[in-house]
Amino acid sequence: MRYLCFMLCTPSLSVAFTGHRTYRGGADEALCRVIGEAYDRGFRTFLSGMAVGFDLSAAEAVLSCRERLSGLQLVAVIPFPGQAELFSWEDRVRFGRIITVADRTLVLSDRYHRGVYRMRNDFLVDHAAQLVAWFDGSPGGTEYTVRRALQSGRAVSNLCSAGPLFPPPAPVLFQ
């Protein structure tokens, strides 16, 4: 799987998104600003876990920015086939529209199994240098992903004003 992603993206030039399913558009302008800022710093590939809420909105923001930012790419990271069958009709339509125009689609497992969402979240952290989150501080998959990114030394930007702020990662002096 790691080899496949290196064919799709360069982690040091990639940004991943994570956020709550309850996201209702409170940071759409900030998403476009953050994508533009990341682009200006050399980031070209953006990974979305394609869940309802923040993930789908982040993917749509990347697609919107792609019109004016040359070389911008969206990778739709889908945990298993049929994920969208659990979505509302409206979100299934959004999901379908996004994967049709995404630059790459990557399905991580051939079926649903316990832990498939955690596998997706690990993949996002492992294949990006920066994480953009909509995290209000509540427990769950977003909390897990943010915590794992911070422990892995990734930069984390939280667009949720009600959520915690995160310090920049410590510089690495020796490798």
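Atom-to-atom distance recorded for C160:SG and D136:CG is 5.0 Å, nearest 0.5 angstrom. Here the CD1 atom belonging to I78 is positioned 12.5 Å from the OG atom belonging to S109, to the nearest 0.5 angstrom.
Contact annotation: the side chain of F54 never approaches that of T18 to less than 4.5 Å [non-hydrogen atoms, C-beta and beyond]. Within the 4.5 Å cutoff, the side chain of V75 has heavy atoms near those of the T45 side chain. Counting only heavy atoms from C-beta outward, the side chains of L31 and L159 approach each other to under 4.5 Å. Side-chain contact check for L63 versus L74: some heavy-atom pair is nearer than 4.5 Å. Considering only heavy atoms from C-beta on, E143 comes within 4.5 Å of F135 through its side chain. In this structure, the side chains of Q130 and S157 come closer than 4.5 Å at one or more pairs of heavy atoms.
Figure legend: R44 and Y39 shown as a cation-pi pair, the cationic atom lying under 6.0 angstrom from the six-membered ring centre and within 45 degrees of its axis.
With no hydrogens or angles considered, a side-chain donor-acceptor pair links R94 and S57 at under 3.5 Å. Side chains of Y144 and D122: a donor-acceptor N/O pair is present below 3.5 angstrom, by distance only.
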Passes side-chain contact (heavy atoms from CB on, under 4.5 Å), R148 versus R118? Steps please.
CA-CA 11 Å; R148 190 166 184 285; R118 183 177 180 167; over 6 Å; no

Between I35 and L72, does a side-chain contact (heavy atoms from CB on, under 4.5 Å) hold up when you go through it step by step?
CA-CA 9 Å; I35 292 166; L72 197 67; 4.1 Å; yes

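Hydrophobic cluster membership of V125, counting Ile, Leu, Val, Met, Phe, Trp and Tyr whose side-chain heavy atoms lie under 4.5 Å apart directly or via other members: none, as it forms a cluster of its own.
Hydrophobic clustering (side-chain heavy atoms under 4.5 Å, transitive across Ile, Leu, Val, Met, Phe, Trp, Tyr) keeps L106 apart from L13. Each of V93 and L86 belongs to its own hydrophobic cluster when Ile, Leu, Val, Met, Phe, Trp and Tyr are linked at side-chain heavy-atom distances under 4.5 angstrom.
Just one of L124, V62, T145 meets the side-chain contact (heavy atoms from CB on, under 4.5 Å) condition when paired with F17; it is V62.
Residues satisfying the ring pair (Phe, Tyr, Trp, His ring centres under 6.0 Å) criterion with Y112, sequence neighbours excluded, are F80. Applying the salt bridge (Lys or Arg N to Asp or Glu O under 4.0 Å) rule to E37 yields the partners R33; only residues at least two apart in sequence or on another chain are considered. Residues passing the side-chain contact (heavy atoms from CB on, under 4.5 Å) test with A84 are F87, R92, F95, sequence neighbours excluded. For D28, there are no salt bridge (Lys or Arg N to Asp or Glu O under 4.0 Å) partners, not counting sequence neighbours. With sequence neighbours excluded, the residues that form a salt bridge (Lys or Arg N to Asp or Glu O under 4.0 Å) with R66 are D103.
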